[in-house]
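What you are looking at is a predicted structure, and each value in this text was computed from that prediction instead of being measured. Here is the naming used below: chain letters follow the sequence lines, and residue numbers restart at 1 for every chain.
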Amino acid sequence: MIDLVQLRREPDVVKSALARRGVSAGVMDAVLALDVEHRALLQESERLRSEVKFLSRLVGEARREKDLETANQLAEKSRQLGDEERGATEATERVGALLREQLLSLPNVPAPFVPDGLDENDNVELRQWWVGKDEGLEFPTYAEHQRVPHWEIGTELGILDLEAGAKLAGSMFPLYRGDGSRLLRALGFFALDRHRDAYEEIRPPSFALTETMMSTGHLPKSADDMYAIERDGLWAIPTAEVPLTSMHRGEILDVARLPIRLTAQTACFRREAGAAGRDTRGLLRVHEFDKVELFAYCTPEQADGAYADILERAESLLQALGLAYRVLELCTGDLGTSSARTNDLEVFSPGIDRWLEVSSVSWYRDFQARRANVRYRTSDGSIALVHTVNGSALAWARIWATLVETYRQPDGSIILPDVLAPYLGGQTTIGVRTS
RNA sequence: GGAGGGAUGACAGAGCGGCCGAAUGUACCGGUCUUGAAAACCGGCGUGGGCUUGCCCACCGUGGGUUCAAAUCCCACUCCCUCCGCCA
């Protein structure tokens, strides 16, 4: 949620910032008008309330002095005012709810340097990385045996069984088996271990309350993109960002504790409601995938550092795995609702000849903290909203796909990067022919 | 799933219709004293909102209700604790 006080104080600044994200001036003016109306109603209902309280005190005093006649008169007057107040309060709440609803639907103010644009085509590529780039090597040319899509490799080696997954839960619910399942497990352990030096590992619930979903901005906007368990009022989390952002909901943190850095691997559930028919093959787009998330609660001053650290860690994982990738600065049109700035990492998948998003690092400024009411006490005793920053490191389904394609050998087997060996009992090959 | 007990400020813990936004203690901040510290003493010490910046309003788990007036009474829900049952 954006800052209403700021909107009130510098409407033109906020208006022009949100105009970059396609919010019309008319919408903003409507919000401002609601705010004016709300405050006027609030003043009136508070005035009435104050009077009722004052009269009630007099009733008590009159009673104590046994002046029942005065007491009854005052009580009658107070009752009338009370009726009036009830009406005023109802109106105030109705307008307040409307205002809040409008405010919740507004996106975050983008960082000044975020490029203008309509959609993903206007994102700006910042850099690319591949093995040997520093030594002057060109972008890798992939051989024929690497130009095989992962779903074919998976079937051939018996490590990915999409039909079995579909049988159990419908299409786009993958089932990994044998060494494929072990590889997935290894990737998660590998990443979590690398973040252990600075991030506390969390294993949160996979479901969250509506209130929790509101905090991150996933509700009310993205309800159709999430799985709901209506009977119990729960939603399946689309990312660990959801529980991590709400871990300190409603708290006032001591500034000495900041930044609080957390990491978690969870299953991520996505209905992909708007993506029917797109990227349906293999692991490109699935309803459930595992992802390690990095997260930080911090002061505004710490936000840049926290952001850089998360981005660096995500890149470092890709480099350790030897996968070619590029870094994008998302344009205003492709930015998530809650985000002020986002960098996507896309890995190059040779089997399908495409860049695949495997990480998204975002700075939310105080947008989520305002919804979730996460604050901190500064050294001078005042209270301010924290900033939240998070990023994936990494989303494993697409990494899994890219790994088996990139490291496929002429004989069809896979030789994995050595860094994974400790997590695979020393094994680095899949599908080696022993004969 | 059954029975009972509970939820009050950072923490502990009073209050159980009327100056109660809330006693008291601890912690914390400032001061006096001291060479310094501790102790002692004095003062301060929740959050959010509105406007005429001095006042007003809201908040005692959550949501309703009763009343002139609710932390206090009634109803529902949530969570925690104890016991029983079931269970990986």
What does [X] touch in the nucleic acid at a heavy-atom separation under 4.0 angstrom: a base, only the sugar-phosphate, or nothing?
X        : answer
A/Arg370 : nothing
A/Ile383 : sugar-phosphate
A/Ser78  : sugar-phosphate
A/Leu42  : sugar-phosphate
A/Arg47  : nothing
A/Lys77  : nothing

Would you kindly give the [atom1]-to-[atom2] distance between [X] and [N], to the nearest whole Å?
X        : N     : atom1 : atom2 : result
A/Arg375 : B/G46 : CZ    : C1'   : 10 Å
A/Glu46  : B/U52 : CD    : P     : 14 Å
A/Glu85  : B/A69 : CD    : C1'   : 12 Å
A/Leu209 : B/U62 : CG    : P     : 16 Å
A/Arg79  : B/C68 : CZ    : C1'   : 7 Å
A/Leu253 : B/G46 : CG    : P     : 19 Å
A/Leu68  : B/C68 : CG    : C1'   : 13 Å
A/Glu51  : B/A69 : CD    : P     : 14 Å

[atom1] gap between [N] and [M], integer Å:
N     : M     : atom1 : result
B/G17 : B/A70 : P     : 14 Å
B/U72 : B/C33 : P     : 48 Å
B/C73 : B/C19 : P     : 16 Å
B/G25 : B/A14 : C1'   : 11 Å
B/C74 : B/U66 : C1'   : 7 Å
B/C60 : B/A23 : C1'   : 14 Å
B/C84 : B/G13 : P     : 25 Å
B/A22 : B/A71 : P     : 12 Å

What nucleotide, of [options], holds the atom closest to the side chain of [X]?
X        : options             : result
A/Arg49  : B/C68, B/C57, B/U47 : B/C57
A/Arg63  : B/G48, B/G18, B/C51 : B/G18
A/Gln43  : B/C51, B/C68, B/U47 : B/C51
A/Arg377 : B/A58, B/G46, B/G18 : B/G46
A/Val52  : B/C68, B/C57, B/G48 : B/C68

My understanding is that a pair needs two contacts under 3.5 Å, Watson-Crick or G-U wobble. By that rule, which nucleotide pairs with [N]?
N     : result
B/U52 : none
B/A69 : none
B/A3  : B/U82
B/C11 : B/G25
B/G61 : B/C77
B/U32 : B/A40
B/C16 : none

Does either side chain, that of [X] or that of [Y], offer a donor lying less than 3.5 Å from an acceptor on the other one?
X        : Y        : value
A/Glu405 : A/Ser349 : yes
A/Arg203 : A/Ser206 : yes
A/Asp344 : A/Ser360 : yes

- Message: At less than 4.0 Å, is any side-chain N or O atom of A/Lys53 found next to OP1 or OP2 of B/G18? Yes or no.
- Response: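 No, A/Lys53 has no side-chain N/O under 4.0 Å of OP1/OP2 on B/G18.
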- Item | Distance test, side-chain N/O of A/Ser50 to OP1/OP2 of B/C57, below 4.0 Å |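 The answer is yes; a side-chain N or O of A/Ser50 sits under 4.0 Å from OP1 or OP2.
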- Residues A/Lys15, A/Asp29: salt bridge by 4.0 Å N-O rule: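 Yes, A/Lys15 and A/Asp29 are salt-bridged.
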- Message: Check A/Arg39 with A/Asp35, please: is the shortest side-chain N to carboxylate O separation under 4.0 Å?
- Response: yes
- Message: I'd like to know whether CZ of A/Phe173 has more than 12 heavy-atom contacts from other residues, nucleotides or ligands below 6.0 angstrom.
- Response: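 Enclosed: over 12 neighbouring heavy atoms sit under 6.0 Å from CZ of A/Phe173.
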- Message: On RNA chain B, does the nearest nucleotide to A/Ile252 precede the nearest nucleotide to A/Arg64 from the 5' side, or the other way round? Give the residue.
- Response: A/Arg64
- Query: Which comes earlier along RNA chain B counting from the 5' end, the contact point of A/Asn373 or that of A/Val5, where each point is its nearest nucleotide?
  - Reply: A/Asn373
- Message: Which residue in the set A/Thr89, A/Val36, A/Thr92 passes side chain to side chain contact (heavy atoms under 4.5 Å, CB included) when paired with A/Leu41?
- Response: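 Among A/Thr89, A/Val36, A/Thr92, the one that satisfies the side chain to side chain contact (heavy atoms under 4.5 Å, CB included) with A/Leu41 is A/Thr92.
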- Message: Is the ring pair A/His387/A/Trp363 parallel, tilted or perpendicular, if the boundaries are 30 and 60 degrees?
- Response: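 The arrangement is tilted - the two ring planes meet at 30° to 60°.
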- Task: Indicate, yes or no, whether a donor-acceptor pair under 3.5 Å links the base of B/G49 to the side chain of A/Arg39.
- Result: no
